[in-house]
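Only one structure is covered here, and it is reproduced in the block below.
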Amino acid sequence: MDRFLPSPTARILLALLAILALAPLVFPSTFYYRIFTLISINAIVVIGLVILLGYAGQISLGHAGFVGLGAYANAIGPTHLGLPPLLALVLGAALSAALAWLVGRPILKLRGLYLAVVTLGFGILVQMVLVNESWLTGGPDGMAVEDLGLVSLVKALGLKMKTAQVWYVFSGLMLLLAAWVALNLRDSPTGRALRSLHDSEVAARTVGINVARYKLIAFVLSAVFASVGGSLLALFNRFVTPDVAGFIHSVELVTMSVLGGAASVLGGIAGAALLTTLPQALTVFHDFETVILGLIMMGVAIFMPDGLLPNLANRAKRTRRTNR
Amino acid sequence: MFGLFKKATLLTTAAGCLALGATPSFAEIKIGSVLAVTGPASFLGDPEKKTLDMLVEAVNAKGGINGEPVTLIVYDSGADANKARTFATRLVEDDEVNVVIGGSATGSTMAMIPVFAENDIPFISLAGAVEIIDPVNSWVFKTPHTDRMACEKIFADLKARGLTKVGLISGTGGFGKSMRAQCLDVAPAKGIEVVADETYGPKDADMTPQLTNIKNTDGLQAVVNPGFGQGPAIVTRNYRQLGIEVPLYQSHGVASKGFIDLAGEAANGVRLPATALLVADQLAESDPQREVVTSYKAAYEEKYGEPVSTFGGYAYDAFMLMKAALETAGSTDGEAVRAAIEGTKGYLGVTGAFNMSADDHLGLDSSAFRMLEIKDGAWTIVE
C-alpha cells in the first residue's frame, strides 16, 4: 500500500501545500493573509530551531539575535550601502552563519547548557548594539526598510493582488522550501548523526560521530534559518525595531518549537501558528491574554511533553491500532 | 479516532476565536487605536486608553458625532512595533475603521504609518519624536510637543535667569537620546554653551560618577537631564547628595506625580517644562486653558480615582481634534477628515493651542509648555 504513496517527506510537503492553497478560501478579510504570512515567517525561524533543538538536542536562548541580524541586514544594507534587498538577505544569512560558527565552535565542544548561556548573552549583545548604535540602526525607535519590489513585480506580470496576498504566496513558498530542506536533512546521514547525539552523546561518539562538528552544523544552519526569517519579517513589515532581537522574542521562538513538538517540522509550524494567532484571538480578553497564553503553555508542557502535534499523532495512531 | 476528533475540536475552537474577532459593520463612526496598554510603556498607554474610553462614552451619551454612534476599538501593542503593525492592518482590513488615534511610542507609530497612509486613513499619533511629522506625511498628525520644544523652553528660561553654561546628563533610552541630540542642536542658536555632556544607561542605579564629572566642570551654571522613567529620579537624588548648588532642569518626560514620589525631598527646586494639566488648580482665572484643563482633570479623576497624567492629555487632544474634524467634514470620508484636521485653527486643548497647516501637522509652539518648579513636593508655575 505504502509503495503507491509518495515518500513521507513528499506527503508532508503536499499536505502543507494543500493547507496553504486552501486556507484563503475561508479567509473573511485580507487581514488574515497578513496573519498567515507572519505564521509562515515565524515557522521558518522555528524550523531552524527544530533542527537545533529537536534534531541535535541543543537549546539556544538567543535566536532572536540572528533574527535581528537578518532583519537589520535588510534595513541597513539597502539604506546605507545601496545593496539590493535580496543580496542583503543573503549577506545577512552569511553573517549570521559566520557569527554562529565563531560562537559555536569553542562552545559546542562542551556538553550541557553552555550553548544556552552563551546564546543568551549573544542575543542581548545584538540587541544592545542595535539600540546603542543609532547612527546606523536608528536606535530604540527602529528604522524603515526598503521595498523588495514584489508587489510591483506582480503588477508588471498583469496580476491584481494586494500586498498581503503577494506576501502570503511568497512566504508560503519560502516556508515550503525551509520545510523541504529540514525534512531532507532529517533523513540524510547528517540528520541521522544529529538525532543520534540527541539521544546520547556518549553513544554517538562510540559509533564514531564527531559530536562537536555536527552540533556546530546544526547551530549554523539554524542561525541561517533565523536570519532569513528576520530578513523576510523586515521586508514584509517595511520597518524594524530592536525588539525583534530581544530576549522575549527568543523565548517566544523556543516556546513555539517546544509547544508544537520540537522534534518535528510540522510540529514547529503548528507551534508557530498557535502562538502567532492566539494573541489575535485573545484580544477579546484584554488583560488576561498573557495569563491564558501561560496556562496553555503549562498545559501542553504537563500533559503533552512531546509537544502538541507529535502527541496528537501518537494518540491517533494508538486509537487506530486499538480499533483494528 | 478520539485523537482525530480532539484535533478537529481544537481547530474549530481556534477558528471560532478568530471569527469572534471580526465584527460586522454598521453605519457608525469607528475609531481605531493601537496603544501600549501593557508592557514597558504602559505608563503611556494606560492613561491614553482610559481617556479615550471616557471620551467615547461621553460623546455617545450626547448622541455621537454627526448623529452617528462612535465605536472605539483598542488593541494593545505592548510597545512592540511588529505587533502594532499587525493590529494596524487588522484595524484597516478587518475592523474597517474610519480614523485612527494612537501609537503610544515612536517605534510603533513609525511602523504603522505606511498602513494608514496607503489606505487613506487619517491618523493622529500620541508619540513624541519629531520624525513622525517631519517630513510631513499628509495622513499623519500628532499631539505631543517635540523634545526640541522642551530644549528651547528650558534654554529660554536659563537665558532669562542669566545662565548660559550648562551640563547635560542624558539617559541613553530613546527619549533621552533624542532629546540630548535636539538640545545640542538648538543650544548655539539660543546662546547656550554645553560645557559637560554625560550619559547613563536606562537601568543604571547610580549616577554619582557622571554628576561628579559635571560638578567639577569649570564655569558650570546649570544642569539639564533629558530622560524618562526612574533615571531622572536617581539623578535628582544623587545631585542633592553631591551638594551641587546650580539649578537642575528635568524634561517633560518626568511630568507625573510618580517622579516626585520617587525623588522625594530631592525633587524640591527642580524645574521642568510641562503642560498646564499638571497645575490645573493654579492657573489664573483669566487663563484661556483653565476651563478645558480643569474639566478634563475633574472628569478623569472622578471616573478612575487616579491623578491625570500629561500622556492621557495627549489622547484627549487627539480625540477632540478628530471629533472636530469629523464634524467639519460632516462625513467619514478620509480625504475630507484629513483636510479638516489640517485646517485646525485655534483649538485650545489640554496640551496647548493647536494651529495646524499643510507643513505643520503638530500645530503647537513652545508657548504650550509652562515652566514649573517643584516646591514642597508639589508643582508650581514659574513666571
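Note that the structure is a prediction, hence the values are computed from the model and not measured. Throughout, a chain's letter reflects where its sequence line sits, starting with A, and its residues are numbered from 1.
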Checklist entry - What do the steps show when you test B:Lys49 against B:Asp76 for salt bridge (charged side-chain N to carboxylate O under 4.0 Å, His left out), and what is the final call? => result CA-CA 9 Å; B:Lys49 179 178 184 293; B:Asp76 175 15; over 6 Å; no
What about the rings of [X] and [Y], do their centers lie closer together than 6.0 Å?
{"X": "A:Tyr168", "Y": "A:Tyr32", "result": "no"}
{"X": "B:Phe141", "Y": "B:Phe123", "result": "no"}
{"X": "A:Trp167", "Y": "A:Phe236", "result": "yes"}

Next on the checklist: Counting heavy-atom pairs closer than 4.5 Å to chain B, which one of A:Ile248, A:Thr163, A:Asn132 comes out on top?
Outcome noted: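 Between A:Ile248, A:Thr163, A:Asn132, the count favours A:Asn132.
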Interchain contact, [X] with chain B, by part (heavy-atom threshold 4.5 Å):
{"X": "A:Thr241", "answer": "side chain"}
{"X": "A:Asp243", "answer": "side chain"}
{"X": "A:Leu233", "answer": "side chain"}

